Amino acid sequence: MNDALVADLGAALSPDRVFSSPLELGLYGRDASVIEGRAGVVIFPVSTPEVQAAVRVARRHGRAVVPRGSGTGLAGGAVPLAAAAGDPVVIVTTKMDRVLSVDEEDRVAWVQPGVLNLDLSRAVAHLGLHFAPDPSSQQSCSVGGNVANNSGGPHCLLYGVTSAHVLAIEAVLPDGEVVLLGGLEPDVPGYDLRGAFVGSEGTMGIATRIAVRLTPTPPAVRTLLCDFTEVAPAAATVSGIIAAGIVPAALEMMDADITRAVEDFVHAGFPRDAAAVLLVEVDGLPDGVEESAARIREVATANGARGVRVARDEAERALLWKGRKSAFGAIARIAPNYYLHDTVVPRTKLVDVLVEVYEIARRHDLLVMNVFHAGDGNLHPLIVFDRRVPGTMERVLEAGAEIVRTCVAAGGMLSGEHGIGLEKRDYMPLVFTALDLDAQARVRDVFDPDHVCNPHKVLPAGSRCGDLQSVPEGAWI
Amino acid sequence: MDLTSTRPPAPAGLAREVRPAVAAFAAEVGRQGPVAVVGARTQWHVGGPLDPAAREVRAPAGIVEYEPAEMVVRCGAGTSVAELAAALAGAGQMVPLDPDDLRATVGGLLAVGHSGIRRLRFGPIRDTLLEATFVDAGGAVVTAGGPVVKNVTGYDLCRLLVGSLGTLGLLAEVVLRAQPRPPVSRWLRHDGADPFDTRRRLFRPSAVLWDGSTTWVLLEGNGGDVASEQRSLGAGWSEVEHGPSRPAGGRRSLRPSALRALPGELGAGEFLAEIGVGTVHVTREVPPGSPDPSTRHLHEALRDVFDPERRLNPGRRVHA
């Protein structure tokens with residue numbers, strides 16, 4: 001039943017960028033989450049008109065579309081959900097990978113959505129500029145994906161998440177119209193549609209060109225590794241640094257197991273016997289950086305740090321960061337599977353919540369490691385396991401649910417940077433009232449009244465009060 | 001994970017406790033008839049004249065919760081900037097809203113959406129709002145966002161509320177991101193310095209302002225850094241107690257590089273431009289601009305789904 005659709009998409013794009021073999025459909029039926037879906041057709045447009053044409057073809061055939069960047073999302077946001085009316089058309093943006101223009105004076109670059117995060121920073125490095133959001137997946141995640149998820153990263157503590165770095169978006173709406181949201185001027189007439197679109201997880205349309213803000217690379221940087229023999233003093237140091245009026249560029253925590261795994265993987269000199277380490281970076285002008293670094297050392301020492309090491313040069317700094325960012329590669333040596341959670345709690349609740357997280361893992365006989373953005377309270381409990389062992393996946397999911405509930409009970413929210421997607425969709429009522437969800441559904445419906453763009457994501461079905469038509473007849477998800 | 005149910009009932013949702021002051025405000029807004037929210041009337045002209053038939057309501061005022069180690073503050077939307085600043089000063093923190101008139105309310109500033117004079121360094125006002133509790137056109141209390149500094153849980157309604165002039169909902173209570181107050185703050189001025197070159201010489205200045213002939217710079221941070229930044233500017237700069245006063249007629253919004261063309265269009269003293277930002281403060285009133293034609297239907301549809309009867313701040317327009 002795909003033949004006519006494939007032919008029409010081939011005519012709209014080019015037959016060699018339209019895929020429908022079982023192998024390709026299987027590959028694009030999932031992302032980096034544990035959720036599996038089913039793609040109907042997978043296409044690789046290269047331009048805005050091609051995306052527009054594809055959206056219109058899909059619509060004519062009664063198919064939903066699912067935008068996809070590099071597929072590194074962890075919340076199932078890019079998983080196409082099988083539907084009775086026909087499985088979705090997955091629109092992959094990886095061939096839209098050009099930096100279109102760079103304006104040094106305005107510090108703005110127009111990019112296509114498939115440009116990789118790190119490639120963008122590399123492309124403007126010679127101007128002394130960079131793209132500030134730096135997810136751990138920055139070597140493989142795309143700017144379009146960053147926009148969809150309002151992605152973060154270690155350095156978002158000081159610089160803010162993706163929304164603060166996106167000025168304008170050209171997007172194809174679910175009805176095939178091309179719109180320009182936001183602009184290069186500081187204030188654009190009307191409502192901040194750009195702000196609503198960023199973080200909408202592909203449910204409001206497909207970004208085809210993005211104007212990003214470029215950030216000057218700081219003249220001075222200090223990176224400190226604080227070593228603790230207990231977790232609580234490390235967490236107290238986090239609060240102490242913030243309370244001292246310092247907002248570091250990054251403030252990351254790694255617990256004992258992950259520190260050991262990382263050290264065995266990258267040999268950066270992380271203490272293998274530490275209960276927790278903090279990786280703290282301050283940047284800016286030299287005097288302030290030195291003052292902050294000295295103050296951080298004092299706070300850490302006063303809280304009982306066993307040692308504070310300052311990276312001597314750029315090579316050592318790069319190695320420490322390589323360790324932090326390859327944490328998820330490192331754990332592959334421990335167990336074949338991992339489930340990475342993403343929740344956010346008030347920073348002062350970090351210790352209490354961490355204690356609970358370890359206890360939850362113990363109760364479910366699971367190994368949990370913690371490597372996370374401590375400075376903004378953004379936890380990433382990482383459950384490592386072997387899903388081939390019968391019953392394990394069930395325990396992993398159960399423990400995950402308990403972790404989410406614990407974070408919410410501590411005054412936190414469901415996601416700090418990975419998004420809601422499918423993974424957390426049904427937890428939304430834990431943090432929002434029916435009226436709150438209805439308000440969000442109203443905004444979504446302004447952009448996608450027929451729920452054809454990445455349907456069934458973010459909001460639980462029935463979020464629009466008195467509107468149970470949101471799940472199409474015969475859909476199964 | 002259960003993703004298999006085909007037609008779940010509408011989610012029950014969290015039962016959140018509504019603070020009495022917020023509930024009273026919601027009751028005051030009610031479900032019928034035109035209402036206009038009043039702050040301190042410091043920016044009353046923005047968005048055009050209100051329907052005179054609108055009943056005036058006021059949002060709750062006062063700090064609700066402030067934990068310096070979280071660097072966030074929860075307050076009523078009717079709280080004045082002066083009160084907010086005083087509450088945070090003791091812990092060495094601030095929210096860089098920076099209105100000219102400190103009687104302005106937090107909710108009024110957010111609803112108007114004009115960023116402060118330090119936007120170059122601290123970002124636009126929309127990035128300070130973490131959570132917003134508002135009363136919708138049906139008189140219901142709705143919360144958007146969350147009380148933590150990093151959050152991507154659900155759609156970002158906070159961004160839509162900032163600059164909405166109360167046409168989507170009336171702000172009742174907000175959670176704002178606070179910042180450490182810079183230890184040293186220094187205004188410098190120079191008659192004749194090229195403002196664009198000035199900005200390029202500096203890393204993260206708080207403001208670079210230009211009226212067509214004089215350039216002002218606000219440097220903030222560590223004392224040594226402020227001094228070295230000052231040195232990098234070269235000779236001819238003098239320290240002044242305050243920055244320039246802003247023409248209060250209206251604001252224009254241009255690409256930062258387009259500011260170069262201003263002197264051909266406006267005389268000295270007729271404008272004050274924020275270099276690197278693109279905001280231009282002018283003596284004359286500026287009518288609201290038109291949105292990109294491709295988006296007009298989206299703006300109108302948003303208003304339709306939130307306030308179909310146009311009872312919230314009737315008469316106010318966010319665009320032409």
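Since the model is a prediction, treat every value here as computed from it, not as a measurement.
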Gap between atom [atom2] of [Y] and atom [atom1] of [X] - 0.5 Å precision:
X	Y	atom1	atom2	result
Leu298(B)	Glu177(A)	CG	CD	10.0 Å
Asp225(B)	Asp287(A)	CG	CG	4.5 Å
Asp192(A)	Cys158(B)	CG	SG	11.0 Å

Sidechain-backbone polar pair: [X] side chain, [Y] backbone, donor-acceptor under 3.5 Å:
X	Y	value
Arg442(A)	Val305(B)	yes
Ser415(A)	Thr153(B)	no
Glu70(B)	Arg347(A)	yes
Asp436(A)	Thr143(B)	yes
Ser294(B)	Leu180(A)	yes

I need the minimum non-hydrogen distance between [X] and [Y], along with the two atoms involved.
X	Y	value
Tyr155(B)	Met204(A)	CD2-CE, 3.4 Å
Ser253(B)	Pro186(A)	OG-CD, 3.1 Å
Pro189(A)	Gly289(B)	CB-O, 3.3 Å
Lys150(B)	Gly152(A)	CE-CA, 4.3 Å
Met413(A)	Pro147(B)	SD-CD, 4.2 Å

Chain A contact via [X] - side chain, backbone, both or neither, heavy atoms under 4.5 Å:
X	result
Val277(B)	both
Phe196(B)	side chain
Arg16(B)	both
Asp136(B)	side chain
Arg119(B)	side chain
Pro288(B)	neither
Asp127(B)	side chain
Thr279(B)	both
Asp292(B)	side chain
His297(B)	side chain
Glu229(B)	side chain
Val141(B)	backbone
Arg126(B)	side chain
Leu302(B)	both

Heavy-atom pairs under 4.5 Å with chain B: which of [options] has the most?
options	value
Val198(A), Thr433(A), Leu173(A)	Thr433(A)
Leu435(A), Asp187(A), Val178(A)	Asp187(A)
Gly76(A), Ser239(A), Ser200(A)	Ser200(A)
Cys156(A), Ala243(A), Gly284(A)	Gly284(A)
Thr203(A), Val161(A), Ile246(A), Val108(A)	Thr203(A)
Arg107(A), Glu291(A), Met428(A)	Arg107(A)

* Asked: Are more than 12 heavy atoms from other residues, nucleotides or ligands located less than 6.0 Å from atom CZ of Arg317(B)?
  ->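 No, CZ of Arg317(B) has 12 or fewer neighbouring heavy atoms, counting only those of other groups under 6.0 Å.
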
Salt-bridged, [X] to [Y], with N to O below 4.0 Å?
X	Y	value
Asp156(B)	Arg194(A)	no
Arg177(B)	Asp376(A)	no
Glu105(A)	Arg199(B)	no

Is [X] in contact with chain B via its backbone, its side chain, both, or neither, using a 4.5 Å heavy-atom distance?
X	answer
Leu459(A)	side chain
Val238(A)	neither
Leu430(A)	backbone
Asp438(A)	neither
Thr217(A)	backbone

* Worked verdict on Leu285(A) versus Phe203(B) for side-chain contact (heavy atoms from CB on, under 4.5 Å) -> CA-CA 8 Å; Leu285(A) 292 161; Phe203(B) 174 74; 4.0 Å; yes

* Asked: Have Thr295(B) and Tyr191(A) got a donor and an acceptor in their side chains that come within less than 3.5 Å?
  ->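 Checked: Thr295(B)/Tyr191(A) side chains show no N/O donor-acceptor pair below 3.5 Å.
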
* What residue in Ala15(B), Ala69(B), Ser257(B) has the most heavy-atom pairs under 4.5 Å with chain A? ->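 Highest number of heavy-atom pairs under 4.5 Å: Ser257(B).
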
* Asked: Picking from Arg303(B), His319(B), His299(B), which has the most non-hydrogen pairs under 4.5 angstrom with chain A?
  ->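 It is His299(B).
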
* To do: Give the intermediate values and the outcome of side-chain contact (heavy atoms from CB on, under 4.5 Å) for residues Asn149(A) and Val152(B).
  => CA-CA 7 Å; Asn149(A) 290 298; Val152(B) 295; over 6 Å; no

